[in-house]
Amino acid sequence: QVQLVESGGGLAQPGGSLRLSCAASGSITSMFAMGWYRQAPGKKRESVAVFSSSGTTYADSVKGRFTLSRDNAKNTVYLQMNSLKTEDTAVYYCYAMPLGDPIPSWGQGTQVTVSS
């Protein structure tokens, strides 16, 4: 129901940084939860960073390195990724749970590759 468009993926070296953006078609203030998941080859999709009414939750593997933020006026959420590691390589998907809707919305995914 909610259209999500990601951008900002690409190639980075270990220790480098990238910033992912997710633009939503509707007001992000109407979301119960919103954030980022990722899926590496051969692995299941996992939560990276998600905010909800209870706060922001980060995966243990990215704590201290990734930061979730948002710009309500632009209906956009961001994932600042610092100190990148090769194991961060994955397709990153924007995620949103609209208020009153049990079915989540997903972006198309953006590739992040960390390699020397």
Side-chain angles (χ1 to χ4, degrees):
Q1 185 172 341
V2 178
Q3 296 287 97
L4 303 171
V5 180
E6 303 108 327
S7 62
L11 177 65
Q13 295 184 342
S17 298
L18 288 172
R19 188 181 73 162
L20 305 183
S21 299
C22 175
S25 62
S27 174
I28 62 174
T29 62
S30 298
M31 305 298 174
F32 175 78
M34 196 168 182
W36 296 87
Y37 283 64
R38 68 185 180 187
Q39 187 167 21
K43 298 182 179 179
K44 295 182 178 180
R45 190 173 299 186
E46 65 175 352
S47 176
V48 177
V50 177
F51 72 81
S52 67
S53 60
S54 61
T56 303
T57 301
Y58 294 94
D60 288 341
S61 59
V62 307
K63 286 181 179 177
R65 301 188 299 117
F66 291 9
T67 302
L68 184 67
S69 63
R70 58 179 178 259
D71 186 333
N72 292 340
K74 296 182 178 180
N75 291 327
T76 301
V77 297
Y78 306 94
L79 185 67
Q80 180 66 46
M81 305 186 295
N82 297 327
S83 302
L84 284 164
K85 303 176 180 180
T86 56
E87 51 262 46
D88 295 319
T89 297
V91 177
Y92 285 69
Y93 297 91
C94 188
Y95 158 91
M97 285 285 292
L99 285 169
D101 190 349
I103 303 175
S105 296
W106 296 94
Q108 81 284 355
T110 184
Q111 177 71 47
V112 171
T113 301
V114 184
S115 176
S116 60

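Remember, it's a predicted structure, so these values are computed and weren't measured experimentally.
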Set of side chain to side chain donor-acceptor pair (under 3.5 Å) partners for Gln108, sequence neighbours left out: Glu6
- request: Test Leu20 against Val112 for side chain to side chain contact (heavy atoms under 4.5 Å, CB included), laying out the working first.
  value: CA-CA 9 Å; Leu20 305 183; Val112 171; 4.0 Å; yes
- request: Considering non-hydrogen atoms only, spot the tightest contact between Ala33 and Val50 and give its length.
  value: CB-CG1, 4.1 Å
message: Looking at Tyr93 and Arg45, would you say the former's side chain and the latter's main chain have a donor-acceptor pair under 3.5 Å?
response: no
- line: To the nearest 0.5 Å, atom OG of Ser17 lies from atom CE of Met81 at 8.5 Å
- prompt: Under the side chain to side chain contact (heavy atoms under 4.5 Å, CB included) criterion, do Tyr58 and Leu68 qualify, and how do the steps go?
  reply: CA-CA 9 Å; Tyr58 294 94; Leu68 184 67; 3.7 Å; yes
query: Nearest heavy-atom pair of Pro14 and Ser116: which atoms, and what distance?
result: CD-N, 3.7 Å
- prompt: What do the steps show when you test Met34 against Cys94 for side chain to side chain contact (heavy atoms under 4.5 Å, CB included), and what is the final call?
  reply: CA-CA 8 Å; Met34 196 168 182; Cys94 188; 4.1 Å; yes
- line: Contacts of Tyr92 meeting side chain to side chain donor-acceptor pair (under 3.5 Å) (sequence neighbours excluded), chain-then-number -> Arg38
query: With Ile28, which of Val2, Asn72, Asp71 fulfils side chain to side chain contact (heavy atoms under 4.5 Å, CB included)?
result: Asn72
- request: Flag the pair Gln111 / Leu11 as yes when at least one side-chain heavy-atom distance between them is below 4.5 Å, and no otherwise.
  value: no
task: Over all heavy atoms of both residues, which pair between Ala24 and Leu4 is shortest? Give the atoms and the distance, please.
output: CB-CD2, 3.8 Å
query: Taking the six-membered ring of Tyr78, is the NZ or CZ of Arg70 close enough (under 6.0 Å from the centre) and on axis enough (within 45°)?
result: no
field: Ala90 versus Ala40, closest heavy-atom pair with distance
entry: CB-N, 3.8 Å
field: Where Ala49 and Leu79 come nearest, the two heavy atoms and their spacing
entry: CB-CD1, 4.0 Å
- prompt: If you round to the nearest 0.5 Å, how far is OG1 of Thr89 from CG of Leu84?
  reply: 8.5 Å
message: Donor-acceptor check, side chain of Thr29 to backbone of Ser27, threshold 3.5 angstrom: yes or no?
response: no
- prompt: Which pair of heavy atoms, one from Trp36 and one from Ser21, lies closest together, and at what distance?
  reply: CH2-O, 3.5 Å
query: Taking NZ, NE, NH1 and NH2 as the nitrogens, is one of them in Asp88 or Lys85 under 4.0 Å from a carboxylate oxygen of the other?
result: no
- prompt: Where do Val91 and Thr110 land on the side chain to side chain contact (heavy atoms under 4.5 Å, CB included) test, with the steps shown first?
  reply: CA-CA 5 Å; Val91 177; Thr110 184; over 6 Å; no
- line: Applied to residues 40-83, the disulfide (SG to SG under 2.5 Å) test, sequence neighbours excluded, yields none
field: Chi angles and distances behind the side-chain hydrogen bond (donor to acceptor under 3.5 Å, both in side chains) call for Ser115, Thr113
entry: CA-CA 6 Å; Ser115 176; Thr113 301; over 6 Å; no
field: Ring centres under 6.0 angstrom apart (Tyr95, Tyr37)
entry: yes
